[in-house]
A.B. asks: 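Before I ask anything, here is the structure I am working with.
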Amino acid sequence: MTVIRQDDLIDSVADALQFISYYHPTDFIQAVNEAYEREESQAAKDAMAQILINSRMCAEGHRPICQDTGIVSVIMKIGMEVQWDSDGMSIEDMINEGVRRAYGHPDNVLRASVLADPDGARKNTKDNTPAMITYKMVAGNKVTCHVMAKGGGSEAKTKFAMLNPSDSVVDWVLKMVPTMGAGWCPPGILGIGIGGTADKALAMAKEALLDPIDIHDLQEKGADSRAEELRLELFEKVNKLGIGAQGLGGLTTVLDVKVKDCPTHAANKPIAILPNCAATRLAKFTLDGSGPALQEPPSLDDWPEITWEVGNARRVNLDEITKEDVAEWQPGETVLLSGKLLTGRDAAHKRMVDMIAKGEELPVDFTNRMIYYVGPVDPVGEEVVGPAGPTTATRMDKFTRTMLEKTGLIGMVGKAERGPIAIEAIKDNKAVYLMAVGGSAYLVSKAIKASKVVGFEDLGMEAIYEFEIKDMPVTVAVDVNGESVHQTGPQIWKQKIAEAQPVEVK
């Protein structure tokens, strides 16, 4: 019998969550660097350079890789010979206390993103609890925990279907991946669960993401099962889609594909896809009764030394910008923003649109201004603002036309692509949409020289801020004519990849 104290689990969970907030898994860094080295699309290469630079900065500075510090999942295997020494706390209580301590750590405060009453008040729980917890009782006298902090952008791209037994898994996956857009911040990993029941398929897809990146080892070894055959086939075919880093078009969309399966009913073939993003955050620890299991810091030698130059980028003063100015910007062009940039995301947009409908005055004048879709991490120490990378822009699509037509707004900055209704509104109003790289939150924050709340302070990280920025790098993703690089880029690179493949002679 092994006795495990409640504080050992609490401390181990808290340590793991702090650790993964600023240390990428080294296999992920090595895989991104390999993709960076072989990438031929300059836009995708630049995006991966920013991801790698941001990752090293976070490892050195112990600050979050991404402003979205995730919703916590804990997957536990509990030995049946384990006994708990607790002061009346359940395992859920212990884990949630670990989450609470991790997210409130004074030296590295993490963003609280969890909202209670999801279809009602959507009130922030303030400490990122509760965690999503699953257990399995197993033989033995130890407790093994996998801890994951899953970003909302990648979680939102989850796909599920009940296929017919004769349906092709490969065809379905290749149909679904392009519909996921770039909001999951590729390049990343796809977890796929096949079989069981609906809930089991989704659980397997998430558990698949816990496995290390080893697709090249599998390519050398060869497949020993149908699941491994699918991994190899999907890795090749998904990358041939040309989606590329950040959806800009390129050679690498996935770094690995993971597949788990289990028996299912004769009438069913459940399947789920769950992507992991550029802020892949995973840790594992084992408790054996000897005390807390703390993470071992990796060597900074595991991170490549990457430099990134913006070259002949267009420099823009946001304090003087006009509609005539933005009309000159070209799709795919790099722009360096300086001056005053407003922020606002889901909750702020909904409130503003409701106020406009009621004829109420907004707290900020948006005339000839730009808005950044972001919910920053709170600052620590001498910071002006914590990590402040972009959030997924498509969530603001339904608000875009009202904001452009009723406020004088002329530009937006966010992550990934825009949908058809937003692109139409941008074109009609001769506005622009600029893309910042998802997964580079700490790097982006270094361009922010001052920050203050100017509206909706009660919304916390979703309040309207005014940032004073200097040379913040962005890409023109949708120009005033409605041309989107997230449509043209993947199309171009899918064709280039197809043309580069050797033709099989029969």
A.B. asks: Looking at Asp214, Asp211, Asn276, which hits side-chain hydrogen bond (donor to acceptor under 3.5 Å, both in side chains) with Lys258?
C.D. replies: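 Running side-chain hydrogen bond (donor to acceptor under 3.5 Å, both in side chains) over Asp214, Asp211, Asn276 with Lys258 returns exactly one hit, Asp214.
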A.B. asks: For Glu207 and His146, does a side-chain donor sit closer than 3.5 Å to a side-chain acceptor?
C.D. replies: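 There is no such pair between these side chains.
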A.B. asks: Will you find, in the side chains of Glu92 and Tyr135, an N or O donor that is under 3.5 Å from an N or O acceptor?
C.D. replies: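 Tyr135 and Glu92 do have a side-chain donor-acceptor pair below 3.5 Å.
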A.B. asks: Closer than 3.5 angstrom, by distance alone: can the side chain of Asn124 be matched with the main-chain N or O of Lys126 as a donor-acceptor pair?
C.D. replies: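 Confirmed, Asn124 side chain pairs with Lys126 backbone.
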A.B. asks: Which heavy-atom pair separates Trp172 from Leu163 by the least distance, and what is that distance?
C.D. replies: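 For Trp172 versus Leu163, the nearest heavy atoms are CD1-CD2, 3.8 Å.
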A.B. asks: Would Glu305 and Arg56 pass as an ion pair if we require N to O under 4.0 Å?
C.D. replies: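 Salt bridge: yes.
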A.B. asks: Is a donor from one side chain sitting under 3.5 angstrom from an acceptor on the other, for Arg38 and Thr252?
C.D. replies: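 A pair is found: one side chain offers a donor N or O, the other an acceptor, under 3.5 Å apart.
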A.B. asks: Using only atom types and a distance under 3.5 Å, with no angle test, would you say the side chain of Asp15 pairs donor to acceptor with the backbone of Gln295?
C.D. replies: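 Checked: pair present.
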A.B. asks: When rounded to the nearest 0.5 angstrom, what distance separates CG in Leu274 from OG in Ser154?
C.D. replies: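 It is 7.0 Å, given to the nearest 0.5 Å.
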A.B. asks: Please examine the side chains of Trp329 and Asp479, heavy atoms only from C-beta on, and report whether any two atoms are closer than 4.5 Å.
C.D. replies: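 No, every pair of side-chain atoms sits at 4.5 Å or beyond.
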A.B. asks: Between Asp261 and Arg226 (salt bridge meaning N to carboxylate O under 4.0 Å), is one present in this structure?
C.D. replies: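 No, no charged N to carboxylate O under 4.0 Å.
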A.B. asks: Just by distance, with hydrogens left out, do Glu499 and Gln495 show a side-chain donor and acceptor under 3.5 Å apart?
C.D. replies: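 Side chains of Glu499 and Gln495: pair found under 3.5 Å.
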A.B. asks: Tell me, please, which residues at least two apart from Arg369 pass salt bridge (charged side-chain N to carboxylate O under 4.0 Å, His left out).
C.D. replies: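 In terms of salt bridge (charged side-chain N to carboxylate O under 4.0 Å, His left out), with neighbours along the sequence ignored, Arg369 is linked to Glu466.
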A.B. asks: Which label fits Phe467 and Tyr372: parallel for a plane angle under 30°, tilted from 30 to 60°, or perpendicular past 60°?
C.D. replies: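 If you compare the ring of Phe467 with that of Tyr372, the planes turn out perpendicular.
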A.B. asks: Closest approach of Val259 and Arg231, non-hydrogen atoms and distance?
C.D. replies: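 Taking every non-hydrogen atom into account, CG2-CG, 3.7 Å.
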A.B. asks: Do other residues, nucleotides or ligands put more than 12 heavy atoms under 6.0 Å from Lys123 NZ?
C.D. replies: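 It does not: Lys123 NZ has 12 such atoms or fewer within range.
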A.B. asks: Are the side chain of Glu483 and the backbone of Pro331 linked by a donor-acceptor contact shorter than 3.5 Å?
C.D. replies: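 Not confirmed, Glu483 side chain does not pair with Pro331 backbone.
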A.B. asks: Tell me yes or no: between the side chains of Arg418 and Thr400, is some donor less than 3.5 Å from an acceptor?
C.D. replies: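 Yes.
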A.B. asks: Going by atom types only, do Lys175 and Thr179 share a side-chain donor-acceptor pair under 3.5 Å?
C.D. replies: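 Thr179 and Lys175 do not have a side-chain donor-acceptor pair below 3.5 Å.
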A.B. asks: If only side-chain N and O atoms count, and only distance matters, is there a donor-acceptor pair under 3.5 Å linking Asp46 with Gln50?
C.D. replies: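 No, no side-chain donor-acceptor pair sits under 3.5 Å.
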A.B. asks: Answer with yes or no whether the side chains of Asp199 and Thr197 bring together a donor and an acceptor at under 3.5 Å.
C.D. replies: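 Present: a donor and an acceptor within the cut-off.
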A.B. asks: Are the side chain of Asn33 and the backbone of Pro304 linked by a donor-acceptor contact shorter than 3.5 Å?
C.D. replies: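 No, Asn33 side chain to Pro304 backbone: no donor-acceptor pair under 3.5 Å.
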A.B. asks: With distance as the sole test, does Ser445 use its side chain to make a donor-acceptor pair with the main-chain N or O of Tyr442 at under 3.5 Å?
C.D. replies: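 Yes: the side chain of Ser445 pairs with the backbone of Tyr442.
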A.B. asks: Enter the distance from Met176:CE to Phe160:CZ here, rounded to the nearest 0.5 Å.
C.D. replies: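 Going from CE on Met176 over to CZ on Phe160, the span is 12.5 Å.
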A.B. asks: Starting at CG of Leu190, measure out to NZ of Lys159 and round the result to the nearest 0.5 Å.
C.D. replies: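 Those atoms lie 12.0 Å apart.
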A.B. asks: Quick one: does any side-chain atom of Asp68 pair with a main-chain N or O of Gly70 as donor and acceptor, under 3.5 Å?
C.D. replies: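 Present.
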A.B. asks: Is the charged tip of Arg351 near the ring of Phe456: under 6.0 Å from the six-membered ring centre and within 45° of its axis?
C.D. replies: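 Positive - Arg351 is close enough to the ring of Phe456 and near enough to its axis.
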A.B. asks: When you measure from the side chain of Ser440 to the backbone N and O of Ile51, does any donor-acceptor pair fall under 3.5 Å?
C.D. replies: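 Pair absent, no side-chain N/O of Ser440 close to backbone of Ile51.
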A.B. asks: If every non-hydrogen atom of Asp171 is compared with every non-hydrogen atom of Ser168, which pair is closest and at what distance?
C.D. replies: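 That closest heavy-atom pairing would be N-OG, 3.0 Å.
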A.B. asks: Going from CG on Leu110 to OH on Tyr103, what distance comes out if it is rounded to the nearest 0.5 angstrom?
C.D. replies: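 The OH atom of Tyr103 is 5.5 Å from CG of Leu110, to the nearest 0.5 Å.
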A.B. asks: Got a donor-acceptor contact below 3.5 angstrom from the Glu462 side chain to the Arg345 backbone?
C.D. replies: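 Not a single qualifying donor-acceptor pair exists.
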A.B. asks: Do the side chain of Lys269 and the main chain of Pro165 share a donor and acceptor less than 3.5 angstrom apart?
C.D. replies: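 Flag set: sc Lys269 to bb Pro165 pair under 3.5 Å.
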A.B. asks: Taking Asn54 for the side chain and Ile65 for the main chain, is one N or O donor matched with an acceptor at less than 3.5 Å?
C.D. replies: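 Side chain of Asn54 to backbone of Ile65, a donor-acceptor pair under 3.5 Å: yes, one is there.
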A.B. asks: Considering all heavy atoms of both residues, which atom of Asn108 and which atom of Pro64 are nearest to each other, and what is their separation?
C.D. replies: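 Heavy atoms only, the tightest pair is OD1-CD, 3.2 Å.
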A.B. asks: Rounded to the nearest 0.5 Å, what's the gap from CD1 on Ile273 to CG on Leu234? Could you check?
C.D. replies: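 Rounded to the nearest 0.5 Å, the CD1-CG separation comes to 8.0 Å.
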A.B. asks: Going by the angle between their ring planes, with limits at 30° and 60°, are Tyr373 and His349 parallel, tilted or perpendicular?
C.D. replies: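 Rings of Tyr373 and His349: perpendicular, as their planes differ by over 60°.
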A.B. asks: So which heavy atom on Thr26 is nearest to which on Pro298, and how close?
C.D. replies: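 Residues Thr26 and Pro298, closest heavy atoms: CG2-CB, 3.9 Å.
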A.B. asks: Do we get Lys350 above Phe399's six-membered ring, with its NZ or CZ under 6.0 Å from the centre and within 45° of the axis?
C.D. replies: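 So Lys350 doesn't make the cation-pi contact.
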